[in-house]
Enquirer: 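What follows is a single structure, and I will ask about it in a moment.
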Amino acid sequence: MRLQISRAVLILSLLTVPLLGCSRSDSSVAPAVVPLAVSVQTDPAVPHAEQQTSFLVEVTERDKPVVQAEVSLYLEMREMDHGEHVIRLVETSPGQYRGAGTFPMSGTWVTHVRVKREQGTESVNGEVTVSD
C-alpha cells in the first residue's frame with residue numbers, strides 16, 4: 001500500500017515539474033495606481049436649496065492638471081431618494097472644470113466627480129451640506 005502511494009506521489013511530481021517550466025508570463029508588473037486629487041468648490045460657499053450654485057472642480061494627478069477630460073458632477077441626497085442630478089462641467093483652464101446646478105432641498109448631498117479619459121473612468125466621492 002505504501003509503495004502504491006509513493007508511486008502516485010512520484011508520478012504526480014514528475015507530471016507537475018514540466019508544467020511549471022512551461023508556464024508563460026507575458027505580463028509585466030503593473031505600475032501602482034495613483035489616485036486623482038479632486039477638489040470641489042461651490043459658490044456660494046454654503047449652497048442654498050432651490051438656488052443656483054456654481055461649481056469649480058479641480059482635477060490633478062501627481063500634482064499636474066488633468067486636461068481634456070470629460071468631467072461630470074453627480075449629486076445625490078444622502079437621506080432621501082431625489083434621483084441623481086448630473087452637472088456637466090466644462091474645462092475653463094488646465095485641470096479646472098466649471099458648471100452650475102440647483103439642489104432641490106437642504107441636507108447632506110453626496111458628490112460623485114467622474115473623470116473620463118483615454119485610460120478609463122475614475123470617480124471620487126465627497127459631501128456638501130446645503131442650507132435652506
Side-chain angles (χ1 to χ4, degrees):
M1 180 74 140
R2 273 188 163 189
L3 185 57
Q4 288 177 340
I5 292 174
S6 295
R7 281 187 194 165
V9 170
L10 177 63
I11 291 171
L12 287 175
S13 297
L14 291 174
L15 290 174
T16 307
V17 171
L19 292 176
L20 292 175
C22 294
S23 67
R24 179 178 163 155
S25 177
D26 288 340
S27 62
S28 60
V29 176
V33 176
V34 176
L36 295 177
V38 176
S39 71
V40 178
Q41 298 174 18
T42 60
D43 184 18
V46 177
H48 299 280
E50 299 181 1
Q51 292 183 11
Q52 181 91 5
T53 301
S54 296
F55 296 92
L56 169 62
V57 176
E58 293 182 291
V59 184
T60 59
E61 182 177 45
R62 293 187 176 109
D63 295 326
K64 294 180 182 172
V66 172
V67 297
Q68 298 178 350
E70 291 179 34
V71 180
S72 299
L73 180 62
Y74 293 75
L75 305 172
E76 185 177 18
M77 190 162 198
R78 181 171 298 286
E79 293 92 22
M80 304 177 94
D81 183 10
H82 284 282
E84 194 173 61
H85 301 270
V86 181
I87 299 171
R88 303 276 181 231
L89 303 173
V90 176
E91 187 172 12
T92 56
S93 62
Q96 294 189 347
Y97 299 82
R98 295 180 184 270
T102 304
F103 292 97
M105 69 180 299
S106 62
T108 302
W109 288 75
V110 178
T111 59
H112 305 280
V113 177
R114 294 189 185 146
V115 180
K116 183 176 180 182
R117 305 184 287 169
E118 282 184 20
Q119 55 267 59
T121 301
E122 298 170 70
S123 182
V124 178
N125 300 330
E127 285 187 350
V128 64
T129 301
V130 176
S131 70
D132 290 329

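In what follows, residues are counted from 1 in the order of the sequence shown.
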Enquirer: Mind checking what makes side-chain hydrogen bond (donor to acceptor under 3.5 Å, both in side chains) contact with H112, not counting sequence neighbours?
Expert: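 Listed in chain order: E76, N125.
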
Enquirer: Give the minimum heavy-atom separation between Q52 and A100, together with the two atoms involved.
Expert: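 What the structure gives for the nearest pair is NE2-CB, 2.8 Å.
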
Enquirer: Determine whether V124 and V67 fall in the same hydrophobic cluster, where Ile, Leu, Val, Met, Phe, Trp and Tyr are linked whenever their side-chain heavy atoms lie under 4.5 Å apart.
Expert: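 No.
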
Enquirer: To check you understand the geometry: which heavy-atom pair defines the closest contact between P47 and T53, and what is its length?
Expert: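 That would be CB-OG1, 3.6 Å.
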
Enquirer: Between atom CE of M77 and atom OG1 of T108, what is the distance when rounded to the nearest 0.5 Å?
Expert: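 M77 CE to T108 OG1: 7.0 Å, rounded to 0.5 Å.
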
Enquirer: Measuring from atom CG of L89 to atom OG of S72, what distance do you get when rounded to the nearest 0.5 angstrom?
Expert: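 One gets 6.5 Å once the value is rounded to the nearest 0.5 Å.
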
Enquirer: Show the nearest heavy-atom pair for residues T129 and V46, with the distance to one decimal.
Expert: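 Nearest heavy atoms, T129 then V46: O-CG1, 4.0 Å.
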
Enquirer: Is the shortest side-chain heavy-atom distance between H85 and P104 below 4.5 Å?
Expert: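 Yes, close enough: below the 4.5 Å cut-off.
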
Enquirer: Going from CG on D132 to CD on Q51, what distance comes out if it is rounded to the nearest 0.5 angstrom?
Expert: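 Separation between the atoms: 10.5 Å.
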
Enquirer: Mind checking the OG1-CZ spacing from T42 to F103? Nearest 0.5 Å is all I need.
Expert: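 T42 OG1 to F103 CZ: 7.0 Å, rounded to 0.5 Å.
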
Enquirer: So which atom in A49 and which in S106 form the shortest heavy-atom distance, rounded to 0.1 Å?
Expert: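 For A49 and S106, the tightest heavy-atom pair comes out as CB-N, 3.5 Å.
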
Enquirer: Can you list every salt bridge (Lys or Arg N to Asp or Glu O under 4.0 Å) pair that touches residues 48-58, not counting sequence neighbours?
Expert: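 Passing the test, one end in residues 48-58: no pairs.
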
Enquirer: Taking V40 as the starting point, is it possible to reach V59 by hopping between hydrophobic residues whose side chains are less than 4.5 Å apart?
Expert: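 Yes, V59 connects to V40 through the hydrophobic network.
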
Enquirer: Could you check whether atom CD of Q68 has more than 12 heavy atoms from other residues, nucleotides or ligands sitting under 6.0 Å from it?
Expert: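 No - once you tally the heavy atoms of other residues, nucleotides and ligands closer than 6.0 Å, there are 12 at most.
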
Enquirer: Might you point out which heavy atoms bring L36 and E122 nearest each other, and give the distance in Å?
Expert: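 For L36 and E122, the tightest heavy-atom pair comes out as CG-OE1, 3.6 Å.
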
Enquirer: Within this structure, what is the CZ-OG distance for the pair R114 and S123, rounded to the nearest 0.5 Å?
Expert: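 These two atoms lie 5.5 Å from each other.
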
Enquirer: Which heavy atom of G95 sits nearest a heavy atom of E91, and at what distance?
Expert: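 Here G95 and E91 meet closest at N-OE2, 3.5 Å.
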
Enquirer: T111: which residues meet the side chain to side chain contact (heavy atoms under 4.5 Å, CB included) condition with it, sequence neighbours left out?
Expert: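 Per chain and number, T111 pairs via side chain to side chain contact (heavy atoms under 4.5 Å, CB included) with L73, L75, V128.
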
Enquirer: Please round to the nearest 0.5 Å and tell me the distance separating atom CD of E70 and atom OH of Y97.
Expert: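 Nearest 0.5 Å value for the CD-OH distance: 10.0 Å.
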
Enquirer: Is L56 isolated, or which residues cluster with it under the ILVMFWY side-chain rule of less than 4.5 Å, directly or via members?
Expert: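 Taking Ile, Leu, Val, Met, Phe, Trp and Tyr as members, L56 stands alone, with no cluster partners.
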
Enquirer: What residues form a salt bridge (Lys or Arg N to Asp or Glu O under 4.0 Å) with E118, not counting sequence neighbours?
Expert: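 Here no residue qualifies.
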
Enquirer: Just to verify, what does R98 make a salt bridge (Lys or Arg N to Asp or Glu O under 4.0 Å) with, not counting sequence neighbours?
Expert: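 Result, salt bridge (Lys or Arg N to Asp or Glu O under 4.0 Å) vs R98: none returned.
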
